[in-house]
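Heads up: the structure comes next, in structure tokens.
Read the numbers this way: they start at 1 and go in the same order the structure lists the ligands and their atoms. Side chains included, hydrogens not; waters and symmetry mates left out as well; all remaining heavy atoms used.
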Amino acid sequence: MFESLLLNFLFLLIPVLIYLIFFEYKLHTYNKNILILLSSISMILCMALPIKLEIGFIFDLRYIPFIIVALFGGYKYCFPLYIVLNIYRFMIGGAGTLQSFLFSSVIFMVVPFFSKWFIEKNAKKRIFIAAFISIFTIIFYLSTLAAVLPAIGAEFWILTVNSVPTYAVVMVIIMILIEKIIDNINTSNSLLQSERLNVLSDLSASVSHEIRNPLTVTNGFLQLLNKSKTLTMEEKTYIEYALLELKRAENIVSDFLAFAKPQSENMIYSNLMEETEYVKNIITPYANMHQVDVQYSFNNSLFFKYDKNQIQQCLINLYKNGIEAMKGKGGILSIDVSEQKKAIKIKIKDNGVGMTKEEVLRLGNPYYSTKKEGTGLGMLVVYSTINKVNGKIQVDSEVGKGTTFTISIPI
Ligand code: ADP
Ligand code: MG
């Protein structure tokens, strides 16, 4: 019995190990189908070599991969597993085939329903929930078994005593491993991101300073030239164009400068009150122009150290994006600054066009923009600024509904 249990455990470990060894650092390109395939294989292996109790009853751990996929992937990814499970079960045939079909159908209908809720929980809660669901599943299974058994004897209770703890313990171990992998991937991604931002901010500081002076000089001379009386109309329009393009270049340079290292003369120790109000005031005309209402609430007494200019620029970029997302149809931009136990929370919500999951992942990449006049630097500034104060940004977005940026800055 113990050997077959270990064997089953090994079957469940295989997908985790293969994933860890071959796919861990390919998060953005990883193939979900591979995970489905691996889980199917481990499910089949569990069914092919079940755990045999001395009393003659057998049980297996097929529902562990099934539940895990159902919880993390929802109906879409659970469906192939459901098909595989039943095809294989029909191939084995014998007593209980129909019951197994009905039983797996119920599990398939119920468990993936909780997927969305499950994914939003933190790691500890997810482990707990998965264990709970697996215990619930096996108890449910045992009760359906009890209903068809002619008599419930000692054997049935032996089966119960063996299978319930096995399901719980194995599920917890597998879930801990999975959560650890997810945590590792997230940590290494954020390290990578902050390293990239550091390099970029060093470079941009030097380049932007060098470029700004020639831009200003060129601008001045072009304006002087524009005043000349000997110019034809056509020549004047050329100069206008040149000035416009210069303005654009200047915008990009100032975006980059905001992104550069904090400057000591701007560092302050405060609670964001002045900055958020100031930025709200300067963005309000822009909001009105686009029929956007700005709702603002401030409730924070926590202080921290930050670069005033950078924080202002960061907030402007976020507000501006929110307003631009509601261009043409109007809406509400709500800004809410509040304090939690040891963190400041800034929530910026719009009901604009929203983004797909892929678009959210691309946020903060330099030059990523879906706008005609966009520079794609706004979010880069936002991420780098928040990164510098050790804050975190959470993006919740739904296409057509809107976007919420939640920034939390630890104190
Ligand atoms: P830009 O605004 O110049 O395009 P950003 O870096 O500020 O550059 O934003 C990058 C892209 O992210 C935008 O082009 C837009 O597609 C998307 N985006 C940012 N914020 C929002 C939002 N609140 N709602 C919808 N899309 C957004
Ligand atoms: Mg922008």
query: Thinking salt bridges, do R212 and E250 make one under a 4.0 Å N-O criterion?
result: no
task: Starting from atom 3 (O) of ligand 1, locate the nearest protein heavy atom and write down its residue, its atom name and how far away it is, to 0.1 Å.
output: T375 N, 2.9 Å
message: For distances below 2.8 Å, what is the count of protein N, O or S atoms around the Mg ion (ligand 2)?
response: 1
query: Does Y368 offer a backbone N or O that forms a donor-acceptor pair with the side chain of N365 under 3.5 Å?
result: no
- prompt: Going by heavy atoms in the side chains, are F79 and V69 under 4.5 Å from each other?
  reply: no
Nearest-contact summary for atom 12 (O) of ligand 1 - protein heavy atom, Å: L363 CD2, 3.2 Å
message: For A325, which part has a heavy atom under 4.0 Å from ligand 1: side chain, backbone, both, or neither?
response: side chain
field: Atoms of ligand 1, numbered as shown, that sit under 4.0 Å from any heavy atom of G378
entry: 5 (P), 6 (O), 7 (O)
- request: Compute the ring centroids of F304 and Y306, then answer whether they are less than 6.0 Å apart.
  value: yes
query: Which residues pass the salt bridge (charged side-chain N to carboxylate O under 4.0 Å, His left out) test with E359, sequence neighbours left out?
result: none
message: Under a 3.5 Å cutoff, is there a donor and acceptor pairing between the side chains of Y82 and S105?
response: yes
task: For ligand 1, find out whether one of its N or O atoms is nearer than 3.5 Å to an N or O atom of M379.
output: yes
- prompt: Should the pair K345-E339 be classified as a salt bridge under the 4.0 Å nitrogen-to-oxygen rule?
  reply: no
- line: Min over V399, V381, I348, N321 of heavy-atom distance to atom 19 (C) of ligand 1 lands on N321
task: Report the part of T403 (side chain from C-beta onward, or backbone N, CA, C, O) that has a heavy atom under 4.0 Å from ligand 1; answer both or neither where that applies.
output: side chain
task: Look at ligand 1 and say whether D350 reaches it with a heavy atom at a distance under 4.0 Å.
output: yes
query: Going through the distances and angles, do E324 and K320 end up as a salt bridge (charged side-chain N to carboxylate O under 4.0 Å, His left out)?
result: CA-CA 6 Å; E324 283 162 5; K320 218 168 142 253; 3.5 Å; yes
Atom 2 (O) of ligand 1: nearest protein contact (heavy atom, Å): K371 NZ, 2.8 Å
- request: Apply salt bridge (charged side-chain N to carboxylate O under 4.0 Å, His left out) to D396 and list each qualifying residue two or more places apart in sequence or on a separate chain.
  value: none
field: Any Y63 side-chain heavy atom under 4.5 Å of F103 side chain
entry: yes
message: Among all protein heavy atoms in this structure, tell me which lies nearest to atom 14 (O) of ligand 1, with the distance rounded to 0.1 Å.
response: T370 N, 2.8 Å
- request: Would you mind finding which of Y319, Y368, Y367, Y383 brings a heavy atom closest to atom 11 (C) of ligand 1?
  value: Y368
statement: Sorted by chain and number, sequence neighbours left out, salt bridge (charged side-chain N to carboxylate O under 4.0 Å, His left out) with K349 holds for none
- prompt: Quick one: which of K320, M355, M326 has a heavy atom closest to atom 17 (C) of ligand 1?
  reply: M355
field: Side-chain ion pair, E120 and K116, N-O less than 4.0 Å
entry: no
field: Enclosure of E235 CD (heavy-atom neighbours >12, cutoff 6.0 Å)
entry: yes
- request: Measure the distances from the heavy atoms of G376 to every atom of ligand 1 and state whether one is below 4.0 angstrom.
  value: yes
field: For ligand 1, the portion of L318 having any non-hydrogen atom under 4.0 Å away
entry: neither
task: Tell me which one of S369, S397, G402 gets a heavy atom nearest to atom 1 (P) of ligand 1.
output: S369
